[in-house]
Amino acid sequence: MTLSTLLSPCSVGPHTLTHRVVLAPMTRTRADAATLAPTEQTVLYYAQRASLGGLLISEATHISPEATPSWTIYQNVRDDGGHVPGIWTDTQVARWRAVCDAVHDKGAVISCQLLHAGRVAQPGIGLHPIVVGTNAPLPPVSSSATALCADTEAGDYNWDQAAVLPRALTSEDIVRLIDDYRHAARNACRAGFDFVELHAAHGYLIEQFLCDGINQRTDRYGGSVLNRCRLLFDVVAALVDECGAKRVGVRLSPTGVDPATGRYYQTYFGATTSDPEAIYDCAVAGLNDFPLAYLMLTEPRVGALSVAPEVDPSNRQPLRNGRFRSLFKGCLIGAGGFIPKTAEQAIADGYYDLIAFGRWFLANPDLPDRLRDGSPLNVYDRATFYGCGAAGYIDYPDRHHTRLPSRYAVIDQAQVGVSLRVVD
Ligand SMILES: Cc1cc2nc3c(=O)[nH]c(=O)nc-3n(C[C@H](O)[C@H](O)[C@H](O)COP(=O)(O)O)c2cc1C
C-alpha cells in the first residue's frame with residue numbers, strides 16, 4: 001500500500017505542512033482539577049504526537065465557565081476526577097503555552113479548538129472554586145429553551161444526569177457570548193497557537209443554532225436558514241478579527257437523511273433539523289466569505305466510539321460530504337472513520353486536502369512516521385479514552401518500541417479495518 005498522496009506536502013494558511021495526517025481534536029479529560037488547565041502530561045501527550053511539518057488540533061477547549069460541560073458530564077470521568085481544559089484564565093493560557101512550545105520545538109503547528117457546549121452542559125461548574133464568586137454566566141444556555149433528552153439523545157457518553165432545561169440566550173447575551181469567543185481566541189494567540197478552530201459541530205452550541213429541531217427563535221438568529229447560520233458567521237467574523245486572516249478553522253458535522261432508511265445519520269445530542277441539505281449548504285457556502293485556514297468536516301459514519309476496532313464498521317461506509325468540495329473554496333479536512341488506505345484514496349480522489357485521524361493517532365503518537373515506513377499500529381484502548389491519568393494517554397509506545405512488552409496489541413496496517421490480526 002503506497003500512501004504517497006497522504007504523505008505529500010500541503011499548505012494550510014501561512015504554513016506548509018510536510019504531510020496531510022492531522023491529529024483530530026480529542027477530549028481526553030485529563031486537565032488539572034484545580035485550574036482546569038493542561039498538565040505536564042498534556043504537554044507530553046501533544047509533544048509525542050507532533051512531527052516535523054505536522055498539524056495537530058487540540059481537544060475541545062472551553063471558552064468560558066458557561067461553555068463548560070465538564071466536570072460532571074461523564075460518569076467514568078467523574079469517578080476518576082478527569083477534567084476538560086479551558087482557555088479563559090491566565091493560568092490556563094500559561095499551561096497551553098507550554099503545550100504550544102513543545103509542539104513547535106518538534107516542528108509542528110497546532111490549532112486550538114474552541115468550544116461552547118450550549119445545552120450539553122450542567123450548572124455544576126458554578127461550584128468550581130475558580131468560578132465561585134466571579135459572577136460568570138453559567139450553563140446551560142442554548143438557542144431556545146429546548147431540553148435535551150438525556151435518555152435518548154446523549155449517545156454513548158454515559159450521560160447519566162437528568163438534563164437541565166437551558167435558558168434561551170437573549171440578544172444581549174449573544175453580544176457577550178461573541179465577546180467570550182474573542183477573549184478565548186485572544187488567549188489562544190497569546191498561548192502561541194498557530195490557529196483557532198471554531199467547534200461548530202457535534203450538537204454543541206453553534207449547531208444548536210443551526211438546527212431547527214432545537215432553534216425555535218423568532219429573532220434574527222432563528223427561522224430562516226440564513227438566520228440560523230448567523231451566529232456561526234458572527235463568531236467566525238470575530239475570530240478572524242482577533243486572530244487574523246488564514247488563522248481560523250471551523251468544524252462542522254453535516255447531517256442528512258439516509259434515503260435507504262429515511263432515518264437521520266449522524267446526529268449528536270439530539271441536534272436534528274428539518275432541512276439538513278439547505279442549512280449545511282448555506283453554512284459551508286457562507287464560510288467562503290471569510291479568509292479561513294481550513295474547514296474540517298466530520299464524515300457521518302462514526303457511530304458509537306465505544307465500538308471495538310475489530311468490529312468497527314465505520315471505515316467501510318461511504319463518504320457522504322462530497323458535495324461540499326465544490327461548495328467550499330478553501331482547504332478541506334476530512335475526519336471520521338478513516339484508515340490509511342481510505343485516507344490516501346480520499347485525498348487522491350480530491351475529496352479532501354487533509355485527513356484528521358482520531359483514534360488511530362491517539363494510540364500511535366508517531367502515526368505519520370508509521371504510515372511512511374509501514375510499521376504496524378498500536379490498537380487503541382477504548383476504556384482509557386477519557387480520564388484515566390497516564391494510562392492510555394502518554395504510554396502508547398512509538399514504533400521503535402512496539403515490539404517491546406506493552407499492554408497494547410499491534411496490527412498490520414493492511415489489516416486495519418479488515419480484521420484484528422495481531423502481529424506477533
Ligand atoms: C476520545 C475522543 C474524544 C473526542 N473529542 C472530540 C473533541 O473534543 N472535539 C471534536 O471535534 N471531536 C472529538 N472527537 C471526534 C474526533 O475528532 C473524530 O472525529 C472521531 O474520533 C472520528 O475519527 P476516527 O475514526 O479517526 O477516530 C473525539 C473522539 C474521540 C475518540
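Residues: numbered from 1 along the sequence shown. None of these values were measured; they are calculated from a predicted model. Order of appearance sets the numbers: ligands from 1, and atoms from 1 within every ligand.
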Does any N or O atom in [X] lie less than 3.5 angstrom from one in ligand 1, N or O only?
| X | result |
| --- | --- |
| R28 | no |
| H199 | yes |
| R251 | yes |
| G337 | yes |
| G358 | yes |
| L362 | no |

Are [X] and [Y] within salt-bridge range, i.e. N to O under 4.0 Å?
| X | Y | result |
| --- | --- | --- |
| R407 | D381 | yes |
| R370 | D366 | yes |
| E59 | R28 | no |
| E40 | R95 | yes |

Less than 4.0 Å is my threshold; does some heavy atom of [X] fall inside it relative to ligand 1?
| X | result |
| --- | --- |
| A201 | no |
| W360 | no |
| Y386 | yes |

Under 4.0 Å from a heavy atom of [X]: which atoms of ligand 1 are those, numbered in the order shown and with their elements?
| X | answer |
| --- | --- |
| H202 | 10 (C), 11 (O), 12 (N) |
| R359 | 24 (P), 25 (O), 26 (O), 27 (O), 31 (C) |
| A24 | 17 (O) |
| F385 | 1 (C), 31 (C) |
| A60 | 8 (O) |
| F357 | 26 (O) |
| Q113 | 7 (C), 8 (O), 9 (N), 10 (C), 11 (O) |

F195 and H15 aromatic ring geometry - parallel, tilted or perpendicular at 30°/60° bounds: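 If you compare the ring of H15 with that of F195, the planes turn out perpendicular.
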
Criterion side-chain contact (heavy atoms from CB on, under 4.5 Å) against Y181, the qualifying member of L231, I206, V196: I206

Residue of the set T68, T27, L36, T61 for which side-chain contact (heavy atoms from CB on, under 4.5 Å) holds with P85: T61

For atom 16 (C) of ligand 1, the option (of G336, P25, A343, A363) bearing the nearest heavy atom: P25

Please name the pair of heavy atoms, one in [X] and one in [Y], separated by the smallest distance, quoted to 0.1 Å.
| X | Y | answer |
| --- | --- | --- |
| Y280 | T255 | CE1-N, 3.6 Å |
| G350 | R325 | O-CD, 2.7 Å |
| A391 | Y408 | C-OH, 4.2 Å |

Cation over ring face, R30 and Y45, 6.0 Å, 45°: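 No, a cation-pi geometry is absent between R30 and Y45.
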
